[in-house]
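In what follows, a structure is listed as structure tokens, so that the remarks can point back to it.
Note that this is a predicted model, so its numbers are computed, not measured. Proteins come first, then strands; the chains are lettered A, B, ... in the order of their sequence lines, and each starts at number 1. Hydrogens, waters and symmetry mates are skipped; everything else that's a heavy atom, side chains included, is used.
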Amino acid sequence: MTSLLGRQTALFDQSITVPAGGPVQVIGVDTHAAHLDRFGPPARLAAAELVQRVLDSGLTGRGGGHFPVAAKWRGVSSQPGRPVLVVNGAESEPLSAKDAVLLQLRPHLVLDGIEATASALGATEVVLWLHSDAHFSQHIVRAALADRRWDGPPVRIVATGQGYLSGESSAAVRALSGGPTLPSYRAERGRLSLADGRPALVHNVESLARIGLLTRGIDAGSVLVSVSRGAARVVLEAWPDWALVEVLRAAGVSVPVQATLVGGYGGRWLAGPDAGSSLRLADLPSLGAGVLLPLPHDECGLACSAAIVDYLAEASARQCGPCRLGLPMIAEAMAELADFRRRRTDAGQLRQLLQLVAGRGACSHPDGVAGMVASALDVFGSDVDSHLHEDRCRHAG
Amino acid sequence: MPAESKRLGLDPTRCEGVGLCAVVAPALIELDRWGFPLLHNEKGHPRRAAKQARRAIRACPHQALHQRG
């Protein structure tokens with residue numbers, strides 16, 4: 001398989017376009033036979049061998065945190081009890097579609113990764129954590145399991161609500177332990193357990209697909225990204241050494257763009273000239289789960305950011321005071337800035353507010369908001385001035 | 001990341017902004033505009049700091065503070 005730019009792809013030979021909102025439904029024919037034709041059979045590896053391959057590849061998690069998989073496995077192995085493998089398919093970034101597309105077009109590759117991981121770590125159970133409205137994904141996984149011999153532990157599909165935080169690892173584990181689907185505070189990061197004390201190993205769908213590739217000795221080194229383009233999301237396989245502008249162009253976005261929001265709603269804005277020139281994916285500080293939102297020149301970055309912060313404030317778990325109280329204040333300040341309602345230079349006060357919420361929640365939700373808004377104030381600084389001192393926006397007219 | 005200092009860690013999901021911690025540990029804890037604690041590392045007087053840290057942990061009605069280090 002070769003990509004548009006002539007690179008040997010591992011997962012998809014072309015980009016996949018899905019609508020901007022709603023559950024993803026892509027039709028593919030990934031029978032087990034077709035899967036084995038495409039990728040060959042997986043090797044049956046001893047645990048130590050698979051661990052070595054994961055270590056050698058430097059594989060990092062694809063759920064946004066980029067935590068090294070080998071280190072995560074080491075942590076789980078050091079916890080007493082046999083783990084539960086939680087397959088995190090609750091893709092909750094509204095602009096992300098890569099996990100749904102992967103699960104629907106390459107279910108057997110994901111299942112290979114699940115089987116290999118469960119075996120290597122002695123998992124006694126697999127839980128597939130999906131949104132309740134992801135009916136097609138659920139159907140595809142059930143069909144794929146029925147279409148193959150399954151040597152792994154029993155797989156059960158657990159459906160969750162569509163909230164933004166429902167895909168947060170500790171929220172999933174807490175829900176599976178009979179609690180609410182909200183992040184938990186962990187004095188020791190990275191250690192998750194169920195109510196009965198069993199360790200929980202949470203892996204993103206794409207991470208497991210890549211483990212499935214590793215069982216075949218394929219170390220792809222690629223990343224899946226979701227690029228927003230108009231009323232669509234374009235999922236494509238890209239490489240860390242690609243310039244951001246190449247990725248946007250491959251997704252059919254007309255470049256140069258005004259700016260790009262990298263890493264989802266809680267990511268960082270990058271100004272147009274950087275996004276348009278040589279900055280590579282590997283250089284981006286906040287690629288996260290590969291969500292890219294390019295901003296055309298005729299849209300206002302402050303208005304876009306204000307709408308996002310509004311959504312994120314509403315999505316707060318409301319468990320922690322600074323987040324519960326601070327995010328709505330930030331959203332209000334941004335809305336006023338976007339709507340020309342601010343008459344004094346309050347950007348300084350807004351920045352202080354950002355510092356007051358960052359790092360003070362049980363999860364990284366407020367950190368994402370603070371970082372995204374700070375980057376918006378930087379990148380759209382001249383718009384901040386024109387919004388404060390004039391009654392018009394240079395972009396949206 | 002939950003707020004923490006060298007001596008104290010805070011579970012922000014338990015904290016209700018009661019503020020007793022800041023009363024008994026003024027060298028270590030300051031309240032923000034919403035009444036929620038900001039944890040600082042003490043400057044000098046490690047014995048006083050240790051004593052205040054213990055008091056703060058005991059004072060919290062929601063057991064939101066714990067010892068670190």
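- For B:Leu39, no part sits under 4.5 Å from any heavy atom of chain A, backbone or side chain.
- Between A:Leu325 and B:Phe36, the closest side-chain pair of non-hydrogen atoms falls below 4.5 Å.
- Contact record, A:Tyr185 with B:Thr13: CB-OG1, 4.2 Å, taken as the closest heavy-atom pair.
- For A:Arg318, no part lies near chain B; criterion is any non-hydrogen pair under 4.5 Å.
- Between A:Leu353 and B:Arg33 there is a side-chain heavy-atom pair separated by less than 4.5 Å.
- Here the CG-CZ distance, from B:Asp11 to A:Arg186, works out to 12.0 Å after rounding to the nearest 0.5 Å.
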Practice problem: Could you please spell out the steps behind the side chain to side chain contact (heavy atoms under 4.5 Å, CB included) verdict for A:Arg360 and B:Asp32? | Solution: CA-CA 11 Å; A:Arg360 297 183 67 213; B:Asp32 67 17; 2.7 Å; yes

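- For B:Gln67, the CD atom sits in a loose shell: 12 or fewer heavy atoms of surrounding residues, nucleotides or ligands are nearer than 6.0 Å.
- One distance of note links CD of B:Glu16 with SG of A:Cys320; it measures 10.0 Å at 0.5 Å rounding.
- For the set A:Gly321, A:Ala317, A:Ser184, the entry with the most heavy-atom pairs within less than 4.5 Å of chain B is A:Gly321.
- Between B:Pro12 and A:Ala362, the closest heavy-atom pair is CG-N, 3.5 Å.
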